Amino acid sequence: MSALSGKHIILGICGGIAAYKSVSLLRLLVKAGAEVQVVITPAGKQFITPVTLSSLSQKPVVSEFFTANTGEWHSHVDLGLWADCMVIAPATASTIGKMAHGIADNMLVTTYLSAKSQVFVAPAMDLDMMAHPSTIANINLLRSYGNIIIEPESGELASGLVGKGRMEEPEKIAAVLEAYFSKKADLKGRKVLITAGPTHEKIDPVRFIGNYSSGKMGYALAEECASRGAEVTLVSGPVSLSISHPAVRVVKVESAKEMLAACEEAFADSDIAVMCAAVADYAPKEVADRKIKREHSEVPVIELVKNPDIAATLGRSKRQGQRLVGFALETDHELDNAREKLSRKNLDMIVLNSMRDKGAGFGTDTNKVSIIKADGSREDFGLKPKREVAADIVDTILTL
Ligand code: PMT
């Protein structure tokens, strides 16, 4: 039986050409046994008729606050309480912007604001709209509110242009919902420590040594663990992301030394630790207390000292039953380097990502990983959104 069977799902449809795919999504959800209430924006109705949608869902489609001829009021509050989840597919730039900023001027956004359950957002728009900083910022805001973004694909768009913006295929969206409902609270009662982002090692008051880590992989892991019932401590280097899941406690740090101190404190009490941060291996020996001036006659030489190895330090104090997971970011001899780190740092498992793989590693929304366990076994995964990579990592940790 499908995990969607008997589930109450609100399907939000906005005005975009991808609305035609919502019909297939609706069919798939209904076929899986879900009860689906369609809420469509006025613009959405220009792309797909309510008659088609109500026939398939066997429920009147909701679009306005009132039914004009009867004066019946449609309660977004009741809908929000009724739903086990809400999925907005396609989500246009306009609706994403309204959702991000609470502009409740239609039934769909009002219902979204009232929804008590998990919300999934499947954006669809032209590539330039998708790449616009305002769209990116709004999607990041939605993510930070705890919504799950079902990333659009790259491919041919309605405009004829080719790029990122095609709504994910209905089968895949249905699979994301299915996975969500079939997921047990398999981390319930577990405490998980996660590190994320870069560290910044001060040179002087205005400069630092750092790297390109955005924190996306580590934050996706924190969200995944929290959504599976864990109590998460996220030790984060300086990033521009935020997270608002009530089960995630964020400890902000700047340098490797600060990250080590926060990790040592949290590790003692943790069942699982995942070291996803890109920790700077070296820090300046001396930090200048004033800005180093260009006008000096000689080019300054910055002497470096080794930073503490956080994963290895935790590996040395690991007690029985604790699971310690590391990452390896490599540019060459990937497997050999990852295996060496796995053993040297006393890890139970290492997640290898290579800078040679397009779409993997720093800054991207996707990653491509191989997971190697201490028993020598290895599994290779394809390129996926970081949230899905996080789910694969957690699934594998649970097999240890
Ligand atoms: O943040 P994103 O932009 O999403 O990018 C994600 C990522 C590329 C940063 C992530 O997927 C990743 O690979 N993180 C580890 C990066 C790294 O520093 O790898 P490494 O091979 O240098 O380190 C090996 C392991 O030791 C890592 O678990 C690291 O956290 C840990 N380490 C390294 C150095 C150090 N001084 N202390 C450590 O604990």
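The figures here come from the full heavy-atom set of this structure, side chains too, leaving out hydrogens, waters and symmetry mates. On a predicted model such as this, the values are computed, not experimentally measured, just so you know. Atoms within a ligand are numbered from 1 in the order they appear, just like the ligands themselves.
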Original post:
Is the F120 ring parallel, tilted or perpendicular to the Y180 ring (thresholds 30°, 60°)?
Top reply: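 It falls in the perpendicular class, over 60°.
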**OP:** Just say parallel, tilted or perpendicular for the rings of F208 and H200, cut-offs at 30° and 60°.
**Re:** parallel
Salt-bridge criterion met for [X] and [Y] (N-O under 4.0 Å):
X	Y	result
D365	K386	no
K21	E169	yes
K291	D204	no

Subject >> Neighbouring residues of ligand 1, heavy-atom cut-off under 4.0 Å >> reply: S213, S214, G215, K216, M217, M275, C276, A277, A278, V279, D281, P308, D309, I310, A311, G326, F327, A328, L329, E330, K341, K345, N353, G361, F362, G363, N367, K386
**OP:** Check whether any side-chain heavy atom of K373 sits under 4.5 Å from a side-chain heavy atom of T396, and report yes or no.
**Re:** yes
